[in-house]
Protein chains: 2
Amino acid sequence: MLSTTEENYLKALLQLTLEQADKAEAGTNELAAQLGVKPATANDMLKKLREKQLINYEKYGKSSLTTEGRKQAIEVVRKHRLWETFLYEHLGFSWDEVHEVAEQLEHIQSSKLIDRLDQFLNYPSFDPHGDVIPSASGEMKIPAKKTLNEEEVGHHCKMVGVKDNSATFLQYVDKVGLRMNQPIKVLSRQPYDELIEIEVNGQKSSVSPRFAENIVIVCNDCELQKNNS
Amino acid sequence: MLSTTEENYLKALLQLTLEQADKAEAGTNELAAQLGVKPATANDMLKKLREKQLINYEKYGKSSLTTEGRKQAIEVVRKHRLWETFLYEHLGFSWDEVHEVAEQLEHIQSSKLIDRLDQFLNYPSFDPHGDVIPSASGEMKIPAKKTLNEEEVGHHCKMVGVKDNSATFLQYVDKVGLRMNQPIKVLSRQPYDELIEIEVNGQKSSVSPRFAENIVIVCNDCELQKNNS
DNA sequence: TATAAAAGTTAGATTAACCTAACAAAAATA
DNA sequence: TATTTTTGTTAGGTTAATCTAACTTTTATA
């Protein structure tokens with residue numbers, strides 16, 4: 001059985017390595033920063049997790065999760081997101097309040113609890129932030145990343161980045177009401193002028209293709225790719 | 001903010017001191033046994049809790065909770081019992097499975113969470129074991145203790161002890177289906193022969209006054225006494 | 001490529017919560 | 001009351017997770 005701290009290290013490593021889909025490894029300092037500890041502390045834990053065969057780590061090298069480590073990390077993420085969903089949907093917590101409490105709840109040890117919670121919530125696929133909830137079998141689907149301009153009408157997505165970093169553009173993004181990671185729905189696409197109508201936080205706006213192709217999104221409804229090779 | 005361990009010591013001390021309503025204090029060994037640690041360990045913690053003004057403790061003396069310590073302990077009990085109620089009523093856990101998981105959940109730090117959970121459960125007064133759930137304001141009512149023979153018709157209670165310890169009596173208790181702490185409902189009292197009809201775990205039985213006066217119970221419906229002087 | 005900067009490691013301390021072993025005080029009993 | 005038993009305490013040690021300070025390796029750059 002893993003300690004809360006060990007679980008947090010595995011989760012942090014999963015999160016860091018998911019961000020850059022190519023390499024799937026992270027450095028000691030990077031990991032320490034993610035967890036809010038000093039590199040020396042993270043270094044000790046990396047050795048310990050290697051002993052337990054949960055990560056691949058070599059002196060002065062980057063770290064990555066083993067199959068078992070990944071499985072454990074995904075389980076923690078699953079718990080976190082199921083609890084977030086419960087807090088949001090049943091206890092009336094807001095979008096931004098759920099995370100902190102879920103950070104504690106994700107470490108409760110009881111497989112029965114989490115299975116029943118999943119059932120109670122009717123096996124949700126996404127948490128209140130629009131992130132994918134891994135299945136009980138440990139499958140974690142990664143939504144396709146593309147630009148808002150490429151998104152299909154009727155689909156739900158969220159902004160995960162921008163391609164244009166100019167102040168003009170960013171101010172415009174702000175004005176339209178777009179926030180990082182906030183759910184967006186694509187309502188329509190006018191055939192006449194190609195304007196894309198979207199809904200963000202209950203508010204409708206229309207944006208140009210020029211604008212949309214600079215917004216990077218992940219789609220929740222598009223063909224999902226499994227990510228546990 | 002208290003650690004999980006500190007909370008457990010306060011809770012154990014509350015539980016031990018509630019049992020004997022007279023003195024409200026417990027010895028070091030007793031407390032250590034309750035928590036499954038060695039007396040030396042408990043001794044260290046007692047000094048620490050005294051420093052924090054949560055308990056009254058003097059070398060070679062018994063320990064008791066201060067007003068603040070009692071408040072904290074009751075809050076832990078409140079969380080424990082609300083979570084038990086949630087697990088039982090909404091996640092389909094059985095009577096005997098809830099405790100272990102609630103032992104973990106009771107240490108989650110979020111007053112909003114517990115208030116919302118209370119609301120979600122519709123402000124319950126009793127947990128699945130029939131124990132009183134302290135209110136948000138920290139009031140913990142102690143049900144009246146009496147014999148089953150004295151219990152009113154229609155009331156809910158639970159067995160907390162017996163007055164006759166003979167094998168014959170105990171075997172009879174067992175046969176009737178009575179178990180310690182299990183909810184009992186008093187259905188009727190026959191005027192003709194004074195037989196008391198009770199329901200335990202969905203099963204109905206009739207018992208004589210002679211039998212009933214040897215069963216010690218606490219009543220959930222009788223006038224409750226506050227216990228936070 | 002030599003050197004400076006960044007990244008990573010090691011050694012030694014600290015704190016919380018636990019332990020064992022030895023000792024001291026209080027309570028029970030012969 | 002003297003002695004034994006029970007109860008409680010102290011001293012010293014362990015483990016997990018953290019830290020700081022000094023050091024080493026790798027990477028970037030002048």
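Quick note on labels: first sequence line is chain A, next is B, and so on, each numbered from 1. It should be emphasised that the depicted structure is a prediction, and the values quoted were computed from it without experimental measurement.
For the pair E6(B) CD and dT15(C) C1', the interatomic distance rounds to 12 Å; values are reported in whole Å. Separating the NE2 atom of H107(B) from the P atom of dA16(C) is a distance of 18 Å, rounded to the nearest angstrom. With rounding to whole Å, K62(A) atom NZ is found 13 Å from dT26(D) atom P. Between the CG atom of N29(A) and the C1' atom of dG8(C) there is a distance of 6 Å, given to the nearest Å. Spacing between atom CE of M1(B) and atom P of dT15(C) amounts to 21 Å, rounded to whole angstrom units. To the nearest angstrom, C1' of dA17(D) lies 8 Å from OH of Y9(A). Atom pair N8(A):CG and dT18(D):C1' shows a separation of 14 Å (rounding to whole Å applied).
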Distances for protein N/O vs nucleotides 27-29 of chain C N/O pairs under 3.5 angstrom?
none

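For H107(A), there are no ring-ring contact (aromatic ring centres under 6.0 Å, His included) partners at least two apart in sequence or on another chain. Partners of S135(B) under the side chain to side chain donor-acceptor pair (under 3.5 Å) rule, at least two apart in sequence or in another chain, are S137(B). Shown here are the ring-ring contact (aromatic ring centres under 6.0 Å, His included) partners of Y60(A), two or more places apart in sequence or in another chain: there are none.
The side chain of K38(A) has dT20(D) as its nearest neighbour among dC18(C), dT9(C), dT20(D). The side chain of S3(A) approaches dA17(D) more closely than any other nucleotide in the set dA17(D), dG8(D), dT18(D).
Considering only side-chain N and O atoms, Y60(A) lies nowhere under 4.0 angstrom from the phosphate OP1 or OP2 of dA6(C). Checking the phosphate oxygens (OP1, OP2) of dT9(C), a side-chain nitrogen or oxygen of T28(A) falls inside 4.0 Å.
For the segment residues 40-59 of chain A, residues with any heavy atom less than 4.0 angstrom from an atom of DNA chain D are, sorted by number, A40(A), T41(A), D44(A), M45(A), K48(A).
A donor-acceptor contact closer than 3.5 angstrom links the side chains of D164(A) and S166(A). A side-chain donor-acceptor contact under 3.5 Å links Q72(B) and E68(B).
Salt bridge D44(B)/K38(B): absent, no basic N to carboxylate O contact under 4.0 Å. A salt bridge is defined here as a Lys NZ or Arg NE, NH1 or NH2 lying under 4.0 Å from an Asp or Glu carboxylate O, and E213(B) with K163(B) fails to meet this definition.
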*asked:* Show, in sequence, the C-alpha distance, side-chain angles and deciding distance for H99(A) and H80(A), and conclude whether the side chain to side chain donor-acceptor pair (under 3.5 Å) test is met.
replied: CA-CA 8 Å; H99(A) 184 77; H80(A) 182 100; 3.2 Å; yes
Listed pairs under 3.5 Å, donor-acceptor, residues 46-53 of chain B side chains, sequence neighbours left out:
from: K48(B); atom 1: NZ; to: E6(B); atom 2: OE2; distance (Å): 3.3
from: R50(B); atom 1: NH1; to: Y57(B); atom 2: O; distance (Å): 3.2
from: K52(B); atom 1: NZ; to: E6(B); atom 2: OE1; distance (Å): 3.3
from: K52(B); atom 1: NZ; to: E6(B); atom 2: OE2; distance (Å): 2.8

